[in-house]
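Here the structure comes first, spelled out in structure tokens, and everything after it is commentary.
In what follows, every chain begins at residue 1, and chains take the letters A, B, ... in the order their sequences are listed. Quick caveat, the model's predicted, so the values are computed rather than measured.
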2 protein chains.
Amino acid sequence: MRRTPAPRPLPPAEDQAARFARQREADRTATAEDYVELIADLLRADGEARAVDIARRMGVSQATVTATIGRLQRDGLVETKPYRGLFLTDAGRDMAQAAKARHELVVRFLIAVGLDAETAEQDAEGIEHHASEAALQAFERFLAARKAGG
Amino acid sequence: MRRTPAPRPLPPAEDQAARFARQREADRTATAEDYVELIADLLRADGEARAVDIARRMGVSQATVTATIGRLQRDGLVETKPYRGLFLTDAGRDMAQAAKARHELVVRFLIAVGLDAETAEQDAEGIEHHASEAALQAFERFLAARKAGG
DNA sequence: TCCGAAAGTTAGCCTAGGCTAAGAAGTGAT
DNA sequence: ATCACTTCTTAGCCTAGGCTAACTTTCGGA
Ligand SMILES: [Mn+2]
Ligand SMILES: [Mn+2]
Ligand SMILES: [Mn+2]
Ligand SMILES: [Mn+2]
């Protein structure tokens, strides 16, 4: 006689608050992750990472890039040589590498569960910032199992 | 002899820019989605949705809730009767319902791929805002197949 | 060498989403 | 009816991340 799908009770307020707080934290680091990842990609592909190119690829004005780079510099992630491009610090390189690994894992995973490549690329750009270590490990396991099992 | 995992070339700048732009768009709507979802949950569970409770559950100050509710009202999603709680407009109810369905689908999916329930709950809170319709459909298919196949 | 185009910065503006502190306004129990 | 408590709003502040317009600096080709 049950018509509705069993309304789950609300989680304890503190738990829920903690989740939202971690959420906000992830949002705050997302921009930095995308920038350093892009900078690393440009360095690899072009040998240099120019602010103009970042602006073009991020779909954002050069002024915005200047401001954001300022924050990344403040946070010890990048160094700049004006008219000579951007460079990653050790911390920046670490973050870039982690971001890239995560990004590609999420893309592979989304494709593996049946998403088309282009949409996977699109969605991964956001999902990557919200997948915990545990989630990434689950994605890895899933990919490994699928490869093994066939 | 290949040592590195084949460096994928950078996507066309315009494509990449479009992805980031959609990303930013999703970020902008995320707060509204979480609020209306919570309001709907509170209405169901408590019969009313008070700003205080939203503040507690969002882990945010009451002043922040007032401001955010103001935006939701401006955008035609909620109505307020001071000291009598919050109510959803038709548009708000629609958004809440969609948000809730998405949220629960993402949780179920994450659990299905091997994530523990608590982490699934946590990660879903962010991932839900970045999963496209196509991704959600892929998640549904995956769950259906798994249930069928065993 | 010079000079226009490209690259980068600066100034000034905006919104979202946070915060604290203080005050106003209901509510409910005595 | 009163009054303490709770709820809500207001004021004033902050940062991130956007924007345009105008300016400065560098680069490279003629
Ligand atoms: Mn991203
Ligand atoms: Mn990425
Ligand atoms: Mn959410
Ligand atoms: Mn949600």
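- Residue A/Pro82 is the one, among A/Pro82 and A/Arg24, whose nearest nucleotide of DNA chain C lies closer to the 5' end (criterion: closest heavy atom).
- One finds a salt bridge joining B/Asp41 and B/Lys100 here, because a Lys/Arg side-chain nitrogen approaches an Asp/Glu carboxylate oxygen to under 4.0 Å.
- Backbone-only contact: A/Arg74 has heavy atoms under 4.0 Å from sugar-phosphate atoms and none from a base.
- When each of B/Ala63 and A/Ala63 is assigned the nucleotide of DNA chain D bearing its nearest heavy atom, the one mapping closer to the 5' terminus is B/Ala63.
- Checking side-chain atoms of B/Arg22 against main-chain N and O of A/Gln122 turns up no donor-acceptor pair under 3.5 Å.
- Note that the first and last nucleotides of DNA chain D, 5' to 3', having any atom under 4.0 angstrom from a heavy atom of chain B are D/dT7 to D/dG18.
- Two rings, from B/Phe20 and A/Tyr35, have their centers 6.0 Å or more apart.
- Here C/dT9 is the nucleotide among C/dG26, C/dT20, C/dT9 with the atom lying nearest to any side-chain atom of A/Gln62.
- Look at CZ on A/Arg50: it is 19 Å from P on C/dA5, rounded to the nearest Å.
- Checking B/Thr68 against B/Arg84, the closest nucleotide of DNA chain C that is more toward the 5' end is the one next to B/Thr68.
- Looking at A/Asp90 and A/Arg93, a side-chain N of the basic residue comes within less than 4.0 Å of a carboxylate O on the acidic one, giving a salt bridge.
- As judged by a 4.0 angstrom heavy-atom cut-off over every strand, B/Ala67 is placed among residues making no nucleic acid contact.
- B/Arg50 and B/Glu48 are joined by a salt bridge, as a carboxylate oxygen and a charged side-chain nitrogen come within less than 4.0 angstrom of each other.
- Remark: B/Phe139 pairs with B/Phe109 by the ring pair (Phe, Tyr, Trp, His ring centres under 6.0 Å) rule, at least two apart or across chains.
- Separating the OH atom of B/Tyr83 from the P atom of C/dT27 is a distance of 8 Å, rounded to the nearest angstrom.
- The side chain of A/Thr66 places no N or O atom within less than 4.0 Å of a non-bridging phosphate oxygen (OP1 or OP2) of C/dG8.
- Among the atoms of the strands shown, none is found under 4.0 Å from any heavy atom of A/Val65.
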